[in-house]
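Okay, structure first, notes after.
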Amino acid sequence: MSHHYLNELNPVQREAAMFTEGPVMIIAGAGSGKTRVLTYRIAHLMEKGVDPFNILALTFTNKAAREMKARIGKLVGETSAKALWMGTFHSIFAKILRFEADKLGYPKNFTIYDTDDSKGAIKEILKGFNLDDKVYKPSLVLNRISSAKNNLISPRQYLNNPVALEEDRSSQKPMMGQIFEAYNKRLFKAGAMDFDDLLFNTNVLLRDYPDVLLKYQDKFRYIVVDEYQDTNFSQYVIVKQLAARFLNLCVVGDDAQSIYAFRGASIQNILNFEKDYPDYKEFKLEQNYRSTQTIVNLANKVISHNKDQFKKNVWTQNDEGDRVKVLRAATDNEEGMKVAASIFETKMNRQAFNKAFAILYRTNAQSRSMEEALRKHNIPYRIYGGLSFYQRKEIKDVLAYFRLSTNNHDDESLKRIVNYPARGLGQTTIDKVIVAAADNDVSLWTVLDNLKDFNLGLNAGTVAKIGEFVTMIKSFSHMLPYKDAFETGNHIAITSGILKDLYSDKTPEGVSRYENIQELLSGIKDFVESTRTPIEQELKEDINDSITIDPEDLFATEPENSLRTLDEFMQDVSLLTDVDKQDDEERDADKVSLMTIHAAKGLEFPYVYVVGLEENLFPSQMSLNSRADLEEERRLFYVALTRAEKIVTLTYASTRYRFGNLIYCEPSRFINELDKTYVDFPEELSGTSFGDDVFDKFHDEFSSPAKKINFGSGSGTGFKKTASNPASNSNIASSLKKNLTPVKKQVTPSAPVDTEMVKNLKEGDIVEHEKFGKGKVIFIEGSFPNLKATVHFGSTGEKQLLLKYARLKMVS
DNA sequence: AGCCCCGGTGAAGTC
DNA sequence: CACCGGGGCT
């Protein structure tokens, strides 16, 4: 076969694709044709005669893997492309763990816990330890556990780690280590792994079983890792181990696009590469094929504000293109209207499709005003992310049945559905079971299935109901290997009573829930009709071999290997990324895309709107504590800009509803940082009163940690006060505000505030607050209507109150 | 056991 | 504002 496809690459790209032996690092700027290089590199390997079974490619989403496989299939043939080991870290190593689960003491059909499951387990542990879940917030605890695992710290190591213990002590959570330990034990007992366990346990496997390590080293002779800048330590070690034998490791990344440090990703991995493989070969893809010169140059300028970065020179031969526009709006709703109007106009002027447009925002909550405006303009749109299909309650209920049938010891699923639909097994009963299970160190299922051994003091009726439940689940489990996923799934949906329960609910929500279940089932039907990849086939046979047939069971037959069963389906579902969950039909539809910037990673659109460019929103308020966090926000902004091919429009609003309050917003520092050579600002902003000096002062104010606005109460409520307090930014804010349209729509508290009283309030007055009771006014600052008072309440201490919200009553 | 109402609280990003 | 959990009532 000819090498014609390699001619579609520029010289650096081609070199990077053809340099197949030894360690390689490809630094790939945004839009530099990275995917193309990876595709051709893998195709090239296969054409050289490398068996696809010996190639491992780790991607960021399963969708990316699927698309790359399809492209490789076109180059070298579909059958061999299907044999490639390609997917996310989590899905690839989940598969390997299923092969090797018994070595670690897990069942092959182990369950994968999602975040909710994990939180559920943590809540129960807190109860057992008699700890307050307001102090030990499950999400915080889980974060802590997660970051420990991602740094390969086991509970035992954690409990011996003076630094960790000290941190926990000083944050008033001394039991964190014990919780971690109990949590791991609990998941193990339930035959479950959380997402981090998939990587952690892979590391354990490779560390403790040299023969297994050797097997996979030998198997994966060529390894490619995409988005290397977003890998964490645990992933780094896995890759390092696997590649140690043949050293044919190719990592691809862009430090400027590293946006997942918050969940443990480390640019350090890129830096380590040099240390680990001193003989590595580096390629830099610097030519951008995606965007106009204006966009490329502007984005370069933006990222140059970061200290931590590699030298890189991204350039393009594309046209100069349109200047970047900045739009200002008075409110978030107006921001939406301006964006929608601009999309409408561009569509007309350029004859563009809806799907050529994307609206990118920092947080999902911002989608609302955009949606509203798009609806008013009759512009079809679709939202990515947010509550996904699989997170809906009714879907989770059905999946819990599926999971429990696959793995009876899955405690979280059992808790979820043991009394749904209602079957008379209430909290009291369940609590008894939970206690018995904890006391005896077994799963909930073990207790239910062996009730008489545990002496729970249940009445005969309850015992009978539990018996029925156990029998039902067992019948589902029994069915699993012999029927296809659709048959089993459908049977469970009906027999469990869920369908009936939802069918009887004729409210619109009930109807929609019912339809969602049907949609899930039809998805399963599609799955049943799909074919396995060779790897899945191998795994299936392996698992079926491990099923023992009960000799007493006259009707039992060998499980069919050709059958696509429900447990197989479930293996896929828990590993889907949000992007993966979009269904294809919808994806191709001619609609404007709305998504967070994180979700937009790797995508491109002709016309991109980045909205909500305001301090405390983008950059996020949570990033203002450290330079590193702020730089990550800036990289995020860089990612947003570089999604665009033709036109970038940036918007911000002067006021916005947040937490139900109207708050004033200052333009983001990122707006200030824009190089004016490439940008058209709104007229009001180009005047002298909004010159650089004001911006610089503004910038200094925010970037100085010492001045980080802190109202003293310090109990985590700082955000609300800061954000909703227009007076907090002193003279700078007021000089900015001169240029903002006055906001007519003032806050409308549920009960009107006594304006006269607010105006006349003075220091020394005694006032009464609904919640805090009586207090004395110590200090008043700001000007009407944004007066802020410091009030000393006897029991609560000092509080800073915004008088237009606080509804104080005058006492003296 | 289940429903409803209240109040408290919280919204970054993800496999 | 929206969601959740707790408490109280039926």
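Computed over heavy atoms, backbone and side chain alike; hydrogens, waters and symmetry mates excluded.
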With a 4.0 Å limit, can you tell me whether [X] has a side-chain N or O closer than that to the phosphate oxygens OP1/OP2 of [N]?
X	N	result
A/K137	B/dG10	yes
A/N419	B/dG2	yes
A/N364	B/dA12	no

Compare the minimum distances between each of B/dG2, B/dC15, B/dA12 and the side chain of A/A422, then state the nucleotide with the smallest one.
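Closest of the options to the side chain of A/A422: B/dG2.
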With sequence neighbours left out, what residues match A/R263 under side-chain contact (heavy atoms from CB on, under 4.5 Å)?
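So A/R263 forms a side-chain contact (heavy atoms from CB on, under 4.5 Å) with A/F60, A/Y260.
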According to side-chain contact (heavy atoms from CB on, under 4.5 Å), who are the partners of A/D132, at least two apart in sequence or on a separate chain?
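Residues passing side-chain contact (heavy atoms from CB on, under 4.5 Å) with A/D132: A/K134, A/V135.
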C1' spacing across the pair B/dG13 / C/dC4, given as an integer number of angstrom
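After rounding to an integer number of Å, I get 22 Å for this pair.
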For nucleotides B/dA12 and C/dG5, find the distance between their C1' atoms and express it as a whole number of Å.
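Approximately 24 Å lies between the C1' atom of B/dA12 and that of C/dG5.
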I need the A/K432 NZ to A/T462 OG1 distance, nearest 0.5 Å.
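These two atoms lie 7.5 Å from each other.
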From CG (A/N150) to CD (A/Q235), nearest 0.5 Å
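Rounded to the nearest 0.5 Å, the CG-CD separation comes out at 7.0 Å.
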So what does [X] hit on the nucleic acid, given a heavy-atom distance under 4.0 Å: a base, only sugar-phosphate, or nothing?
X	answer
A/Q235	nothing
A/S623	nothing
A/E632	base
A/F89	nothing

Can you tell me how far P of B/dA12 sits from OH of A/Y361, to the nearest Å?
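The distance from OH of A/Y361 to P of B/dA12 comes to 15 Å, rounded to the nearest Å.
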5'-most by nearest nucleotide on DNA chain B - A/G426 or A/S574
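Looking at the nearest nucleotide for each, A/G426 comes out on the 5' side.
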Closest nucleotide of DNA chain B for A/L425 versus for A/S620: which of these residues is on the 5' side?
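So the residue in question is A/L425.
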Nucleotides 3-10 of chain C: which of its N/O atoms have a protein N/O under 3.5 Å away?
none

Check ring-ring contact (aromatic ring centres under 6.0 Å, His included) between [X] and all other residues, then give those that pass, not counting sequence neighbours.
X	result
A/Y113	none
A/Y136	none
A/F605	none

